[in-house]
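What follows is one structure encoded as structure tokens, with my remarks underneath.
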Amino acid sequence: MKGLVSARQSAIIASILIFSNKILTLPSLLSGFAKGDAIFILLMMFLADLGVLCLFFFLKNRYKTQCFFEILSSHLTKPVAIIIYIFLFAYFLMKLLLNFNSTQMYFKTQVYHDAHIFIFLFTTIVILATSILGGLRALARTIEFFYIPLIVGLLFCLFISFANINDIPVLFDTSFKSFFTGAFKYTFCFGDFLILFLLMHKIQIDKKWENNFLKYSIFSMSLILVEYGLFFSIFQFTGFLHTNAMSDIIVLSYKFFDIGRLDIIAIITIMLLTFCQIGLYGYAMCEIFNNIVSRLSVKYSCAFVILCFSILYLLFFNSLDFLVEITTIYLPYISILFQYFLPILTIFLRKKIHSEVAYE
């Protein structure tokens with residue numbers, strides 16, 4: 001059907017989003033609470049996210065063509081659905097701001113030392129506009145096209161990092177309090193499957209669609225776990241100092257391979273990942289806004305999303321340290337509510353919608 005994306009493309013979208021806000025700053029932040037045991041924090045949160053993915057399977061199989069907003073409106077009334085969507089808009093806006101802040105700081109540190117912030121801001125606005133106005137199908141095809149190069153780039157970074165391994169990470173050296181405090185504070189960096197609920201009516205399913213989602217998702221999670229294992233092996237006691245994990249784990253590799261600066265592969269890979277993730281967050285926010293304010297042209301929705309992002313960044317959230325503080329103090333509660341309790345709520349929704357349109 002027109003405007004729908006295939007199950008494989010949707011699985012790739014989920015796979016790409018899993019890397020968001022996890023492969024740069026998060027290893028350093030988690031090391032302050034759990035050191036090498038941060039690997040188990042990551043594993044625990046991934047298992048929780050896979051549980052959410054299973055809830056998505058349940059909801060999508062029950063409501064094959066309905067959008068999430070219609071489902072919530074049918075069961076909880078439309079005003080309640082609107083309130084939930086307003087919070088979801090704010091939630092994904094903060095996701096976008098965190099992604100933008102962390103990656104622009106990374107690029108400024110690694111490459112563009114003297115670049116003005118408006119260069120990064122202008123680039124992001126262009127990505128948001130083209131992603132939203134082009135539609136989900138075009139965005140999904142673009143991400144599908146770049147997926148193999150992205151995975152090859154990530155695998156290359158991980159492969160050459162093995163030359164830097166010092167010893168196995170120090171494990172089981174963290175108190176339960178520190179472990180769960182770290183997991184709670186950085187809950188906002190997970191919950192990537194929530195976006196699937198917002199786009200569920202645009203996902204075309206087939207007989208193997210659930211296997212595709214699990215296969216791609218577990219693969220991405222495995223790559224991230226390997227990166228964390230390498231990170232805490234190379235920086236056993238100084239992980240908190242290395243805020244650009246994906247580049248830092250290969251910083252010594254050129255001495256072994258004698259082929260010059262190798263972190264350029266990480267830089268290009270992260271740049272492409274960032275473009276894809278920013279486009280997806282922007283499209284999700286536009287989808288949310290269109291459900292709240294119906295019958296509004298996509299151009300106006302796009303302008304509203306860009307305006308919200310630009311104003312909040314320039315006036316309030318232009319400091320990564322401040323944004324991380326906000327996400328660790330206030331957002332964990334909201335994250336748990338929307339990333340886990342809202343999907344769990346879908347189990348208890350009895351099917352009321354009967355006017356489903358068959359796929360062509």
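The backbone N or O of Ala11 sits nowhere less than 3.5 Å from a side-chain atom of Ser15 that would complete a donor-acceptor pair. One N or O on the side chain of Thr187 and one on the backbone of Phe184 form a donor-acceptor pair closer than 3.5 Å. A donor-acceptor pair is defined here as one N or O able to donate and one able to accept, closer than 3.5 Å; such a pair exists between the side chain of Asp206 and the backbone of Trp209. Asn244 contributes no side-chain N or O that, together with a main-chain N or O of Tyr106, makes up a donor-acceptor pair within less than 3.5 Å.
Side-chain atoms of Phe193 and Ser217, non-hydrogen and from C-beta on, do get closer than 4.5 Å to each other. Taking 4.5 Å as the limit, some side-chain heavy atom of Tyr228 sits within range of a side-chain heavy atom of Lys22. Between Phe19 and Asp192, every side-chain heavy-atom pair lies at or beyond the 4.5 Å cut-off. The closest side-chain heavy-atom distance from Phe341 to Leu345 is not below 4.5 Å.
Ile82 CD1 to Asn291 CG: the interatomic distance, rounded to the nearest 0.5 Å, is 9.5 Å. To the nearest 0.5 Å, atom CG of residue Asp321 and atom CD1 of residue Ile326 are 12.0 Å apart. A distance of 12.5 Å separates OG of Ser6 from CD1 of Ile205, quoted to the nearest 0.5 Å. One distance of note links CD1 of Ile195 with NZ of Lys95; it measures 9.5 Å at 0.5 Å rounding. Rounding to the nearest 0.5 Å gives a distance of 10.5 Å between CG of Leu96 and SG of Cys308. Atom NE2 in His242 sits 14.5 Å away from atom CG in Leu24 (nearest 0.5 Å).
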Enumerate donor-acceptor pairs with a distance under 3.5 Å from any side-chain N or O in residues 327-338 to protein atoms, sequence neighbours excluded.
| unit_1 | atom_1 | unit_2 | atom_2 | d |
| --- | --- | --- | --- | --- |
| Thr327 | OG1 | Leu323 | O | 3.2 |
| Thr327 | OG1 | Val324 | O | 2.8 |
| Thr328 | OG1 | Val324 | O | 2.9 |
| Thr328 | OG1 | Glu325 | O | 3.1 |
| Ser335 | OG | Leu331 | O | 2.7 |

Identify all side-chain donor-acceptor contacts of residues 39-59 below 3.5 Å with residues at least two apart in sequence or on another chain.
| unit_1 | atom_1 | unit_2 | atom_2 | d |
| --- | --- | --- | --- | --- |
| Asp49 | OD1 | Gly191 | N | 3.3 |
| Asp49 | OD1 | Tyr340 | OH | 3.1 |
| Asp49 | OD2 | Gly191 | N | 3.3 |

Quiz: residues 275-290 side-chain donor-acceptor pairs under 3.5 angstrom, not counting sequence neighbours:
| unit_1 | atom_1 | unit_2 | atom_2 | d |
| --- | --- | --- | --- | --- |
| Gln277 | OE1 | Asn99 | ND2 | 2.9 |
| Gln277 | NE2 | Ile16 | O | 3.2 |
| Tyr281 | OH | Ser20 | OG | 2.9 |
| Tyr283 | OH | Lys202 | NZ | 2.5 |
| Glu287 | OE1 | Lys202 | NZ | 3.3 |
| Glu287 | OE2 | His201 | NE2 | 3.1 |
| Asn290 | OD1 | Ser301 | OG | 2.4 |
| Asn290 | ND2 | Cys286 | O | 3.4 |

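Not a single side-chain hydrogen bond (donor to acceptor under 3.5 Å, both in side chains) links Thr346 to another residue, sequence neighbours left out. Every residue was checked against the salt bridge (Lys or Arg N to Asp or Glu O under 4.0 Å) condition with Glu210, not counting sequence neighbours, and none meets it. For Phe188, the ring-ring contact (aromatic ring centres under 6.0 Å, His included) criterion is met by Tyr91, not counting sequence neighbours. For Ala90, the side chain to side chain contact (heavy atoms under 4.5 Å, CB included) test picks out no residue, with sequence neighbours left out. Residues passing the ring-ring contact (aromatic ring centres under 6.0 Å, His included) test with Phe118 are His116, sequence neighbours excluded. Looking at residues two or more places apart in sequence or on another chain, you find a ring-ring contact (aromatic ring centres under 6.0 Å, His included) between Phe317 and Phe322. Applying the side-chain hydrogen bond (donor to acceptor under 3.5 Å, both in side chains) rule to Lys185 yields no partners; only residues at least two apart in sequence or on another chain are considered. Qualifying ring-ring contact (aromatic ring centres under 6.0 Å, His included) partners for Phe231, counting only residues two or more places apart in sequence or in other chains: Phe235.
The heavy-atom pair separating Cys189 from Leu98 by the smallest distance is SG-CD2, 4.3 Å. Smallest separation of non-hydrogen atoms from Leu93 and Phe309: CD1-CA, 3.9 Å. Across all non-hydrogen atoms, the minimal contact from Val5 to Ala140 is CG1-CB, 3.7 Å. Summarising the geometry of Ala129 relative to Ile306, their closest heavy-atom pair is CB-CD1, 4.0 Å, with the distance given to 0.1 Å. Here the closest non-hydrogen pair linking Ala138 and Gly134 is CB-O, 3.5 Å. A pairwise comparison of heavy atoms in Leu154 and Ile23 identifies CD2-CD1, 4.5 Å as the closest pair.
Taking the six-membered ring for Trp and thresholds of 30 and 60 degrees, Phe176 and Phe180 have nearly parallel ring planes, at less than 30 degrees apart.
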Steps toward side-chain contact (heavy atoms from CB on, under 4.5 Å) verdict (Thr243, Leu320): CA-CA 12 Å; Thr243 55; Leu320 180 59; over 6 Å; no
Starting from the C-alpha separation in whole Å, work towards a yes-or-no answer on side-chain contact (heavy atoms from CB on, under 4.5 Å) for Ile84 and Phe69. CA-CA 9 Å; Ile84 292 174; Phe69 185 80; over 6 Å; no
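If you check the side chains of Tyr313 and Thr124, you find no donor sitting under 3.5 Å from an acceptor. Side-chain atoms of Ser175 and Ser178 form a donor-acceptor pair, as typed in the model, at a separation below 3.5 Å.
Counting only residues at least two apart or on different chains, the salt bridge (Lys or Arg N to Asp or Glu O under 4.0 Å) pairs with a member in residues 139-158 are Arg8-Glu144.
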